[in-house]
Amino acid sequence: MAGAGGRVRGRALGRFPLALPMGDLSNLHLKEEKIKPDANGAVVKTNANAEKADEEEKEDRAAQSLLNKLIRSNLVDNTNQVEVLQRDPNSPLYSVKSFEELRLKPQLLQGVYAMGFNRPSKIQENALPLMLAEPPQNLIAQSQSGTGKTAAFVLAMLSQVEPAHRYPQCLCLSPTYELALQTGKVIEQMGKFYPELKLAYAVRGNKLERGQKISEHIVIGTPGTVLDWCAKLKFIDPKKIKVFVLDEADVMIATQGHQDQSIRIQRMLPRNCQMLLFSATFEDSVWKFAQKVVPDPNIIKLKREEETLDTIKQYYVLCNNRDEKFQALCNLYGAITIAQAMIFCHTRKTASWLAAELSKEGHQVALLSGEMMVEQRAAVIERFREGKEKVLVTTNVCARGIDVEQVSVVINFDLPVDKDGNPDNETYLHRIGRTGRFGKRGLAVNMVDSKHSMNILNRIQEHFNKKIERLDTDDLDEIEKIAN
DNA sequence: AAAAAAT
């Protein structure tokens, strides 16, 4: 749904070291608190009144110096891969180069630094000012795996929370149980300097007493449980939600995904609720739908798929059937277990079969799929995170979002296909994006077992326009090669 | 096909 005046395409000037707003900032009011770190990096609140004039003068000088830089650099920034489409084409493009500039509450800035974030990532530079602007604005953001999307929307939620109000004000939906737990941990870590702040997990197995209302400020959950908590059980008053986040947003609103539940939840929210959609992938039709679902969105695309794919070496192994795939996997096993690995199967059944077969061969493997009990799932993912399990055999339940830094190998034991048997490019990118986190190198190996699956692989290869090389698992030298 | 619900 295009706004009355349409939109303009602009570029955020991300490369400039000083990131003050270009032009008039009067319609972009950020939060009031002025904060700065002391010599030790700890955050202290300044005496706003005494230092206000001083601050303003400094800002003026900084703005002047930025202007000079802009003139000298002739406004060209070819290195920038960020595309920003603003809801209001006339508002200035604004990006930040430090977290201080966002004027977050001191406790929140403290949380950011405690997590080891020093500077905003590319997506954060551009998304944070838009998300924190007053009044709140909607955002659809696309940026690759491992670029800091989670921290971005967690910051947005935390900065809107009023701890004195004992009811849910922010609601975040994740496509799976495991991802909800992971994101919840980020919220807890980043918000740990708010002693009063409480988080509720609306996930399977988390049963509450009937008839009560929950007092937690933020709710993270999966769609089914959240819908129950809002509609049927009324633990949450959806009318009081101020920020609504859809993580892995494309799958949350896709017909094949969690569309029904997500949209039903969205319809219960107040009209002025801020909506934030984040994903690494938006297939064309889903992208259009997203813009229909979100009123007047700002849009940010950090679209450099090639870059992700550059840090991940992709191979395929040619086999004739499932048993040959299993044999090839066994040949590879020594090489892939140097660090941690995830092995993806198309069905729960194949996953549990494969885990059992690998165990029979004497390998220690963990299995994770949706048919397991949630307690068991939580325990398995925890052991994998701790490195107690080196190899995880799983389904698409773990294709998205799961962030385990030591994972350097992804095996597609079955190629990702949709329900019609067509290649699922989005899932492919998400799966191999489990490795190569934060620019580290990764390895992806695809097992091909028929002419049909070779065809699928070729189509995936064409889609990303990136060569997937053949790997001979009978040739030990080749395996040596990929292990390094 | 998988995931997602206290049904």
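Chain letters run A, B, ... following the sequence lines, proteins first and then strands; every chain starts at 1.
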Checklist line | Carboxylate-amine/guanidinium contact A:Lys360 A:Glu357, below 4.0 Å | finding: yes
Note to self: I need the CD1-P distance between A:Ile253 and B:dA4, as an integer number of Å.
What the structure shows: 19 Å
Notebook entry, point to check: Closest heavy-atom contact between A:Ala280 and A:Ser145?
Noted result: CB-N, 3.8 Å
Notebook entry, point to check: Is any side-chain N of the basic residue among A:Arg431 and A:Asp424 closer than 4.0 Å to the acidic one's carboxylate O?
Noted result: no
Next item on the list: Could you tell me whether the phosphate oxygens of B:dA4, OP1 or OP2, come under 4.0 Å of any side-chain nitrogen or oxygen in A:Thr176?
Entry: no
Check: When you check the phosphate oxygens OP1 and OP2 of B:dA4, does a side-chain N or O of A:Arg377 lie under 4.0 Å from one of them?
Finding: yes
Margin query: Measuring to OP1 and OP2 of B:dA4, would you say a side-chain N or O of A:Arg204 lies under 4.0 angstrom away?
Written below: yes
Notebook entry, point to check: Between atom NZ in A:Lys419 and atom P in B:dA1, what is the gap in whole Å?
Noted result: 10 Å
Next item on the list: May I have the distance from A:Leu368 (atom CG) to B:dA2 (atom P), rounded to whole angstrom?
Entry: 14 Å
Notebook entry, point to check: Quick one: A:Leu233 CG to B:dA6 P, roughly how many Å, whole number?
Noted result: 9 Å
Check: Which whole-number value in Å describes the distance from A:Tyr428 OH to B:dA1 P?
Finding: 23 Å
Notebook entry, point to check: Does anything in residues 340-353 of chain A reach DNA chain B, meaning a heavy atom under 4.0 Å, and if so which residues?
Noted result: A:His346, A:Thr347, A:Arg348
Margin query: Side chain of A:Arg210 only, heavy atoms from C-beta on: which candidate in B:dA6, B:dA4, B:dA1 is closest?
Written below: B:dA6
Note to self: Quick check with a 6.0 Å cut-off and a 45 degree axis cone: is A:Lys240 positioned over the face of A:Tyr167's six-membered ring?
What the structure shows: yes
Notebook entry, point to check: With respect to the side chain of A:Leu208, which nucleotide from B:dA1, B:dA6, B:dA4 is positioned closest?
Noted result: B:dA6
Next item on the list: Check whether any side-chain heavy atom of A:Val317 sits under 4.5 Å from a side-chain heavy atom of A:Val445, and report yes or no.
Entry: yes
Next item on the list: Provide, to the nearest angstrom, the distance between the CD atom belonging to A:Glu371 and the P atom belonging to B:dA2.
Entry: 9 Å
Next item on the list: Starting from C1' on B:dA6, measure out to NZ on A:Lys232 and report it in whole angstrom.
Entry: 5 Å
Next item on the list: Just call it for A:Arg400: base, sugar-phosphate, or nothing, with non-hydrogen atoms closer than 4.0 Å on any strand.
Entry: nothing
Item checked: Electrostatic pair A:Lys388-A:Glu382, nearest N-O below 4.0 angstrom -> no
Check: Roughly how many Å is it from CE in A:Met372 to P in B:dA4, rounded to a whole number?
Finding: 12 Å
Item checked: Face-on cation placement of A:Arg348 at A:Trp353 ring, 6.0 Å and 45° thresholds -> no
